[in-house]
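Read through the structure below, which is laid out as structure tokens, and then see the notes.
This one's a predicted model, so the numbers in the text were calculated from it and none came from an experiment.
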Amino acid sequence: MVRKALAGALASAGLLFSPVSPLSLLSPVPAAASDADGRTAAELAEQAEDHLLGAESVRLTMTDRIAEAEGTVTEPSAMDLALDRDGNCVGTIETGGEGGGRVEIVKRGEEVWLKPDAAFWKAHVPGDEGDAVAGLLEDRYLHGTTDDPALEGMAGVCDLGRFQREIDTGASSGDASLTKGEETTRQDTAVVPLTGEEDGGTGEEDGERTTLYVTADAPHRLIEADRRGEGTDVTLTFEDYGAPVPAGTPSPAETVDIGRLEEELLDA
């Protein structure tokens with residue numbers, strides 16, 4: 001039961017790394033306008049892509065306002081993860097809107113610690129069993145490895161290398177050209193917005209617009225990406241390029257083995 005609930009929720013979180021991400025528009029496309037240092041929109045996008053593909057670590061946040069508003073607990077509505085190429089990560093994933101639940105994540109190598117809150121268990125485990133799991137955990141982390149079927153999905157969610165490979169495919173659900181806008185600010189940083197539109201093959205009103213916010217000063221890095229359209233309202237942010245992922249892990253007193261938890265539930 002515990003493994004099934006975790007596997008389902010974390011599998012949905014893995015959708016964040018699919019090729020239809022807003023980052024698919026990072027692939028260089030023709031654009032004529034130049035910025036102050038003489039770079040075209042396509043050149044700025046290419047530099048931003050190169051920096052993201054070359055990063056050893058990054059902090060990635062995501063907000064999906066549609067999933068949040070609809071309150072679908074099988075869809076991730078927000079995340080905040082510091083992750084690196086070695087598969088280490090620290091952060092949180094939220095599902096659905098109010099009452100969907102939140103999971104704290106720590107991963108070092110193949111070891112995984114997860115701390116779902118009570119709302120998560122109530123949303124993902126039916127009836128009184130959700131309350132029972134939350135009560136037995138008593139604010140402890142579930143601990144296991146990526147060899148466990150319930151936790152193996154974390155190997156993808158926390159793998160910056162996989163994320164970078166999917167960006168590098170250049171896959172996109174439609175064709176777009178980038179248009180450079182006026183310099184503005186994001187995260188207290190001067191940025192150049194690069195906007196692309198896709199018609200989805202059925203006309204402009206059915207299309208989606210993605211805006212990449214690339215730092216105005218060199219090195220040109222992506223720090224935010226927005227994607228909006230019919231049924232889509234997602235924002236991604238990128239910070240702390242190259243910063244080490246925090247190495248601390250929960251103490252044994254703060255954890256319970258996932259297999260042991262299931263034994264405790266059977267004995268309860």
* Asked: Hey, is the main chain of Ile223 close enough, under 3.5 Å, to the side chain of Gln187 for a donor-acceptor pair?
  ->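 The answer is yes, because a donor-acceptor pair under 3.5 Å joins these two groups.
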* Check for a donor-acceptor pair, side chain of Lys107 on one end and backbone N or O of Gly109 on the other, with a separation under 3.5 Å. =>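 Answer holds: yes.
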* salt bridge (Lys or Arg N to Asp or Glu O under 4.0 Å): pairs with one or both residues in residues 238-254, sequence neighbours excluded ->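 Salt bridge (Lys or Arg N to Asp or Glu O under 4.0 Å) check on residues 238-254 returns no pairs.
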* Would you tell me whether Thr232 and Glu208 have side-chain atoms, one donor and one acceptor, within less than 3.5 Å of each other? =>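 Judged by distance alone, the side chains do pair up.
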* For Asp188, salt bridge (charged side-chain N to carboxylate O under 4.0 Å, His left out) partners two or more places apart ->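 For Asp188, no residue satisfies salt bridge (charged side-chain N to carboxylate O under 4.0 Å, His left out) once neighbours in sequence are set aside.
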* Taking only residues two or more places apart in sequence, or in another chain, which ones meet Glu111 in a salt bridge (charged side-chain N to carboxylate O under 4.0 Å, His left out)? ->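 With sequence neighbours excluded, Glu111 shows a salt bridge (charged side-chain N to carboxylate O under 4.0 Å, His left out) to no residue whatsoever.
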* Salt bridge flag under 4.0 Å for residues Asp233 and Arg228 ->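 The answer is yes: the pair qualifies as a salt bridge.
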Under the rule for side-chain hydrogen bond (donor to acceptor under 3.5 Å, both in side chains), what residues qualify as partners of [X], not counting sequence neighbours?
X: Arg59; value: Asp80
X: Thr146; value: Glu110
X: Thr189; value: none

Who passes side-chain contact (heavy atoms from CB on, under 4.5 Å) against [X], sequence neighbours left out?
X: Asp86; answer: Asp84, Asn88
X: Ala55; answer: Gln164, Tyr241
X: Pro252; answer: none
X: Glu224; answer: Arg186, Tyr213, Asp226, Thr235, Thr237

* **Heavy-atom side-chain proximity of Val191 to Thr184 below 4.5 angstrom** =>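 Yes, at least one pair of side-chain atoms sits under 4.5 Å.
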* Asked: Applying ring-ring contact (aromatic ring centres under 6.0 Å, His included), which residue pairs with at least one partner in residues 127-157 are found, sequence neighbours left out?
  ->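 Qualifying pairs: Trp113-His143.
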